[in-house]
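For this chain, numbers begin at 1 and follow the sequence in order. The structure displayed is predicted, hence computed values, not measured ones.
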Amino acid sequence: ERAARGSLARSSFSPAGDTPDAATINNQLVVVNGYETPRVYNGTTFIPVTALGGQTVPPGAKHLAFHLGYLWVWNTNATTTTLDGPSSLRSSDANNVNSWPSANQSFISQDDGQGGMGLAQFTIAAAGISPTQILVAFKTYSGYTVSGAFGATTFSIQKIKSDMGCIAPRTIQFVSGFGLIRLTHRGFALFDGIDDKLISEEIRPYIFGHDDIG
C-alpha cells in the first residue's frame, strides 16, 4: 500500500518527486512534494490544497504530519517570505486542510542556516499520567519539540538538547517504548523525549546481519 501510494504521489507532480511525504486525514490523502502546492486525493485525482478568503496557501512543503487534528507542514519554501521558508512550520485549522490562518505559523531558528528535515509524532507516557502527544520537527543538526496547537495556551516550541538532527527524513521511525529513531550526520540516534543518544553500534547487527541474531 505504501509503495502504491508513493508511486501515485510521484506521478502526480511535475517534476515527479523521489521522496514525497503523505498522510491520511479524515479519509483524504494529502501529499507534499517539496516546493509545489500540497495536494489532496479526492478518490479520483489529486487536487491542490486551497485556502479561505484572506488566507495564504502554503506554496509547498518538504514534510507533513496529521497531529492533534491539524495538518502540519514543514519547510514550505526555498526562500523566506512573510509566512514561508525552509524554517517555517505551519498548520491548517482543525480537520480542515483548506483553511490556513496566518496565525498558525512559526519560524523555528530561522537564521541557523538549516532547513526542515522531517516531522514525527511522539507519544510520551508516564505512570499515572495521561499520554501526551507531541510533534518533533527535525533540522539537519537540531530538533525541536512542538507541544499543543497554534493558539492554545499549552503551545510551545522547545529545542532538544542535542547537536543531532536528521539527514534522511524518511528514516524517522517511532518505536513504542523507546522513542524516535532516525539517521543523523553521526549515525542512527534515538530520542526518548528527554535524551538523544547514538545507537548505531547497538543496531548495527540488525542492519547488516549477524550470526547471533536468530
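- Residue pairs satisfying the salt bridge (Lys or Arg N to Asp or Glu O under 4.0 Å) criterion with at least one member in residues 41-62, sequence neighbours excluded, are absent.
- Remark: Pro101 pairs with Gln55, Asp93, Ser99, Asn104 by the side-chain contact (heavy atoms from CB on, under 4.5 Å) rule, at least two apart or across chains.
- Residues that satisfy the ring pair (Phe, Tyr, Trp, His ring centres under 6.0 Å) test with Phe191, not counting sequence neighbours, are Phe122.
- Under a hydrophobic-cluster definition in which Ile, Leu, Val, Met, Phe, Trp and Tyr are linked whenever side-chain heavy atoms come within less than 4.5 Å, directly or via other members, Leu64 and Val97 are assigned to the same cluster.
- The stretch residues 153-162 participates, sequence neighbours left out, in these side chain to side chain donor-acceptor pair (under 3.5 Å) pairs: Ser162-Asp196.
- Note on residues 66-77: no pairs pass salt bridge (Lys or Arg N to Asp or Glu O under 4.0 Å), not counting sequence neighbours.
- Residues that satisfy the salt bridge (Lys or Arg N to Asp or Glu O under 4.0 Å) test with Lys139, not counting sequence neighbours, are Asp112.
- Every residue meeting the side-chain contact (heavy atoms from CB on, under 4.5 Å) condition with Leu68, not counting sequence neighbours, appears here in chain and number order: Tyr70, Gln133.
- Legend: residues meeting ring pair (Phe, Tyr, Trp, His ring centres under 6.0 Å) with Phe155, ordered by chain and number and at least two apart, are Phe150.
- Within the hydrophobic cluster formed by Ile, Leu, Val, Met, Phe, Trp and Tyr side chains joined at under 4.5 Å, directly or through other members, Leu83 stands alone, with no partner residue.
- Listed by first and then second residue, the salt bridge (Lys or Arg N to Asp or Glu O under 4.0 Å) pairs that reach into residues 79-91 are Asp84-Arg90, sequence neighbours excluded.
- Remark: Ser88 pairs with Gln105 by the side chain to side chain donor-acceptor pair (under 3.5 Å) rule, at least two apart or across chains.
- Grouping Ile, Leu, Val, Met, Phe, Trp and Tyr residues whose side-chain heavy atoms lie under 4.5 Å apart, directly or via other members, places Leu198 in a hydrophobic cluster with Met164.
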